[in-house]
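What follows is one structure encoded as structure tokens, with my remarks underneath.
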Amino acid sequence: MNNISRKNFLIKAGSALAVSSFGFPNIITPKKKEKLGVALVGLGNYATNWLAPGLLETEHCELRGIVTGSPEKIPVWQERYGIPDGNVYNYQTMHKVADNDDIDVVYIVLPNHMHAEYSIIGAKAGKHVWCEKPMAMDEAECQAMIDAANKNRVQLTIGYRMQHEPNTQTIIRYGKEQTYGAITKMESGGGFSGNFEEGAWRTFAAKGGGALYDMGVYPINAFRYSSGMEPVAVKGRLTTERTEMFPDVDEAAVFELKFPGGLKAYGECSFAEGMNYLDIECTDGWYNLRPFLSYSGVRGETSSGTQLPPDPAHQQARQMDNDALAIKEGTPPIVPGEDGLADVRIVRAIMKSSDKGEEWVEV
Ligand code: NAD
């Protein structure tokens, strides 16, 4: 279907074109739907154990379709989630979601090197796209995803859970309102002690593996949302001790971000060591989130004794409901594609810095 006939089709099907402020591109909103239909693309660990269960709790969207290359998973998922035969696709047939009015959103939960290709297939099929972090392999891929979404008038949203989490939103507000004064220093680390099986995609550079892509984006995104600023230069060092497990990717990384005005942020990430903290120092005090990236139990405290207790809601359900609501109402999503692109740019610059012996690299 070309763009014009697709548009007519959607209007006939009860949709309308939304006009939004903020210069956000107009998108096609399925106005009459109570719940948007989501198709999960890639049925691995995160889709199986977090997103699909989350979609049982959502108010504004529900699981209606799957895209998988593993035929043995199909009957299990169909039975568990009541997915009809017509809403089951594989990677070769996924583009046919264009003709399926049950599906409004495709959620890309594939290895990182596949994010761009399948996000673009989804956008070209006229479906809104939610894509997991890190957005893609490099800036060019990220930009191609953004362009495809704009051209096809669909939303593109990155699965950064934390920006939907209430305590994280509180510290974002502290930063904006300078509740504890101006930020003077940020420190954050994300990591776990992992043993990967041979062949695991996270151990291959060509598949977007490595600690920096996988875990480093959490501190990087946190520095940006905590300060509301973009760095001007970065430096870093990627390291690997267990070279037999990680033949061509980083097992850990340390990095530094320099912001306008001289503010510095110090980050670390690892596949060898557990770490999960975000500490912010300000002119008039401090606050932290420890842990700051867990699926539940994110909590914090401040220098004035304020406690930020964990929020009990299902994080992924809240994220997908916020993202579905943005589509239904034609408002900008909390985490647009541009946010994912900014992180990938920083990741690539840190890699470049490491290659150059930890030189500062402008971003
Ligand atoms: P996973 O390995 O468990 O799942 C990946 C799925 O992709 C599997 O079902 C696999 O069969 C399929 N696949 C298709 N083609 C493949 C190929 N060529 N090579 C390898 N697998 C292929 O991974 P996961 O942990 O579910 O991660 C998937 C995505 O979700 C990643 O981008 C990851 O960064 C992201 N993720 C995000 C969070 C979060 O908190 N936001 C948490 C975990 C994972």
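Counting starts at 1 for both ligands and their atoms, in listed order. Along the sequence shown, residues are numbered consecutively beginning with 1.
- Ligand 1 has Y91 within reach: a non-hydrogen atom of the residue lies less than 4.0 Å from it.
- Checked by atom type, the side-chain pair Y107/E132 shows a donor-acceptor distance below 3.5 Å.
- Only the side chain of R202 comes within 4.0 Å of ligand 1, counting heavy atoms alone; its backbone N, CA, C and O stay farther away.
- Side-chain contact check for Y180 and S304: at least one donor-acceptor pair (N or O, by modelled atom type) lies under 3.5 Å.
- For ligand 1, the atoms closer than 4.0 angstrom to any heavy atom of L43 are 9 (O).
- Within the structure, salt bridge (Lys or Arg N to Asp or Glu O under 4.0 Å) contacts touching residues 218-234 (residues at least two apart or in different chains) are R224-E230, R224-D339, R224-D343.
- Close approach of ligand 1 to D214 (heavy-atom distance below 4.0 Å) involves ligand atoms 34 (O).
- Residue M114 holds the heavy atom nearest to atom 16 (C) of ligand 1 of all those in M114, H115, H113.
- Between F204 and ligand 1 there is no heavy-atom distance shorter than 4.0 Å.
- In this structure, the ring of F223 has its center no less than 6.0 angstrom from the ring center of F259.
- Taking each of P111, P134, G208, G42 in turn, the one with a heavy atom nearest to atom 5 (C) of ligand 1 proves to be P111.
- Relative ring orientation between W50 and Y295 is described as tilted, the plane-to-plane angle lying within the 30° to 60° band.
- Within the listing of ligand 1, atoms 39 (C), 40 (O), 41 (N) sit less than 4.0 angstrom from a heavy atom of R161.
- In the vicinity of N112, heavy-atom distances shorter than 4.0 Å reach the ligand 1 atoms 31 (C), 32 (O), 34 (O).
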